[in-house]
Enquirer: 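Here it is, the structure, as structure tokens.
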Amino acid sequence: MLSRMTRGAFILLEGGDRTGKSTQCRRLVEYLQGAGVAAQHRRFPGRYRTTTIGKMIDAYLAGSTQLDDRAIHLLFSANRWEAVADMKAALQKGITLVVDRYAYSGVAFSAAKVSGLSLHWCKQPDIGLLRPDLVCWLDMPVDAATQRGAFGQERYERVDLQRRVREYFAQLREPDWLVLDATQSVETVHEAIAQHAVDVIAVCQHQPLREDLWQKEEEDNRVHEQC
Ligand code: NYM
Ligand code: MG
């Protein structure tokens, strides 16, 4: 009998700093594995930090190097592009990827800087990347996030910037995002994410991978410009 290959789902958790993304990613991977679903945790710039690009990002975030805002933006994007082959291979093997941050963080953080990079400019290098099957936005007021442990130690962990990051996430939000009140308990947030994740895993297992992040929007813009 021919067995049909099934693919894993690309589940993304996004949000500002200290909103609980890492905790929720770990909880979700544990839950899925416990339910017999092959699942792995990935994070940006995280796991891909071992690359030359990843190390440049690390040095920048730690404050030990300075870079032009555009240059660091492109490095974050390049760090996603260099991970695509590995992510696709895992998904095609049937492994569900639970990913901590992605291109939405890339755009929201760069656009939030005082240098005023436009949303449009920031999106360009990530157009055509793998598109997540589910985006969970862990949202909470910045004042509550800053009260959580160790806030302020890294570049970008400033209240004014985080407020603008939150506004940009709101602008990037698409209708199918799962928006979560991240001030709720770990368990409450986890249950909502887990329920949606299970549904999405079932729905997308026979669908092709989507390699068209922000592509439709870009094409619509072009048509609009030609009119
Ligand atoms: N960050 C993360 C960006 O500025 N652009 C990106 O593309 C990504 C993926 O890195 N403050 C920022 C957001 C965070 C910082 O991430 C480090 P984390 O998940 O807080 O370690
Ligand atoms: Mg952080």
Side-chain angles (χ1 to χ4, degrees), residues 10-29 41-84 86-87 97-132 135-140 142 144-169 171-172 182 213-214:
F10 174 3
I11 295 166
L12 172 63
L13 272 66
E14 277 285 14
D17 286 296
R18 310 286 151 199
T19 53
K21 294 181 302 304
S22 307
T23 304
Q24 290 298 336
C25 282
R26 277 196 302 275
R27 277 294 276 119
L28 182 61
V29 170
H41 187 173
R42 295 278 200 284
R43 54 186 305 165
F44 287 99
R47 174 188 160 122
Y48 305 104
R49 274 185 158 134
T50 49
T51 66
T52 306
I53 298 168
K55 286 182 189 144
M56 291 169 81
I57 294 173
D58 256 353
Y60 174 82
L61 286 175
S64 56
T65 55
Q66 304 302 323
L67 280 172
D68 179 85
D69 289 343
R70 289 173 185 78
I72 184 63
H73 181 74
L74 295 172
L75 286 177
F76 271 117
S77 175
N79 188 235
R80 285 184 279 280
W81 281 107
E82 68 179 346
V84 164
D86 169 69
M87 291 174 73
L97 296 181
V98 175
V99 180
D100 187 339
R101 293 197 191 280
Y102 197 58
Y104 302 98
S105 275
V107 172
F109 278 84
S110 290
K113 292 178 167 183
V114 283
S115 52
L117 302 177
S118 73
L119 215 54
H120 177 75
W121 188 91
C122 291
K123 280 173 146 179
Q124 300 304 303
D126 285 303
I127 291 175
L129 261 185
L130 267 177
R131 182 150 58 97
V135 180
C136 307
W137 177 22
L138 276 72
D139 185 40
M140 67 193 285
V142 171
T146 57
Q147 278 156 28
R148 294 187 168 180
F151 182 89
Q153 288 180 358
E154 204 174 65
R155 200 190 278 263
Y156 298 156
E157 290 187 346
R158 294 194 332 262
V159 174
D160 54 337
L161 187 116
Q162 295 282 332
R163 286 214 176 99
R164 290 196 296 274
V165 166
R166 189 176 182 216
E167 284 162 19
Y168 282 112
F169 273 123
Q171 287 191 45
L172 291 167
L213 183 72
W214 292 326

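All residue numbers refer to positions in the sequence shown, counting from 1. Start at 1 and go down the list; that is how both ligands and their atoms are numbered.
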Enquirer: Show, in sequence, the C-alpha distance, side-chain angles and deciding distance for Arg101 and Asp17, and conclude whether the salt bridge (Lys or Arg N to Asp or Glu O under 4.0 Å) test is met.
Expert: CA-CA 10 Å; Arg101 293 197 191 280; Asp17 286 296; 2.8 Å; yes
Enquirer: If the test is ring pair (Phe, Tyr, Trp, His ring centres under 6.0 Å), which one of Trp214, Trp137, Phe44, Phe76 qualifies with Tyr104?
Expert: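 Going through Trp214, Trp137, Phe44, Phe76 one by one, the ring pair (Phe, Tyr, Trp, His ring centres under 6.0 Å) with Tyr104 is satisfied by Trp214 alone.
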Enquirer: Nearest 0.5 Å, what's the CG-NE2 distance between Asp68 and His73?
Expert: 11.5 Å
Enquirer: CD1/Ile53 to CG/Asp58 distance, rounded to the nearest 0.5 angstrom?
Expert: 13.0 Å
Enquirer: Kindly determine whether Phe169 and Asp139 satisfy side chain to side chain contact (heavy atoms under 4.5 Å, CB included), including the steps that lead there.
Expert: CA-CA 9 Å; Phe169 273 123; Asp139 185 40; over 6 Å; no
Enquirer: For each nitrogen or oxygen atom of ligand 1, which protein N/O atoms lie closer than 3.5 Å, and how far apart are they, rounded to 0.1 Å?
Expert:
{"residue": "ligand 1", "atom": "7 (O)", "partner": "Arg80", "partner atom": "NH1", "Å": "2.7"}
{"residue": "ligand 1", "atom": "7 (O)", "partner": "Arg80", "partner atom": "NH2", "Å": "3.4"}
{"residue": "ligand 1", "atom": "7 (O)", "partner": "Gly106", "partner atom": "N", "Å": "3.4"}
{"residue": "ligand 1", "atom": "11 (N)", "partner": "Asp17", "partner atom": "OD1", "Å": "3.2"}
{"residue": "ligand 1", "atom": "11 (N)", "partner": "Asp17", "partner atom": "OD2", "Å": "2.9"}
{"residue": "ligand 1", "atom": "16 (O)", "partner": "Arg101", "partner atom": "NE", "Å": "3.3"}
{"residue": "ligand 1", "atom": "19 (O)", "partner": "Arg101", "partner atom": "NE", "Å": "2.8"}
{"residue": "ligand 1", "atom": "20 (O)", "partner": "Asp17", "partner atom": "OD1", "Å": "3.0"}
{"residue": "ligand 1", "atom": "20 (O)", "partner": "Arg101", "partner atom": "NH2", "Å": "3.4"}

Enquirer: Confirm or rule out an N/O/S atom of Asp17, from backbone or side chain, lying less than 2.8 Å from the Mg ion (ligand 2).
Expert: yes
Enquirer: Look at the side chain of Arg18 and the backbone N and O of Arg148, then say whether any donor-acceptor pair between them is shorter than 3.5 Å.
Expert: no
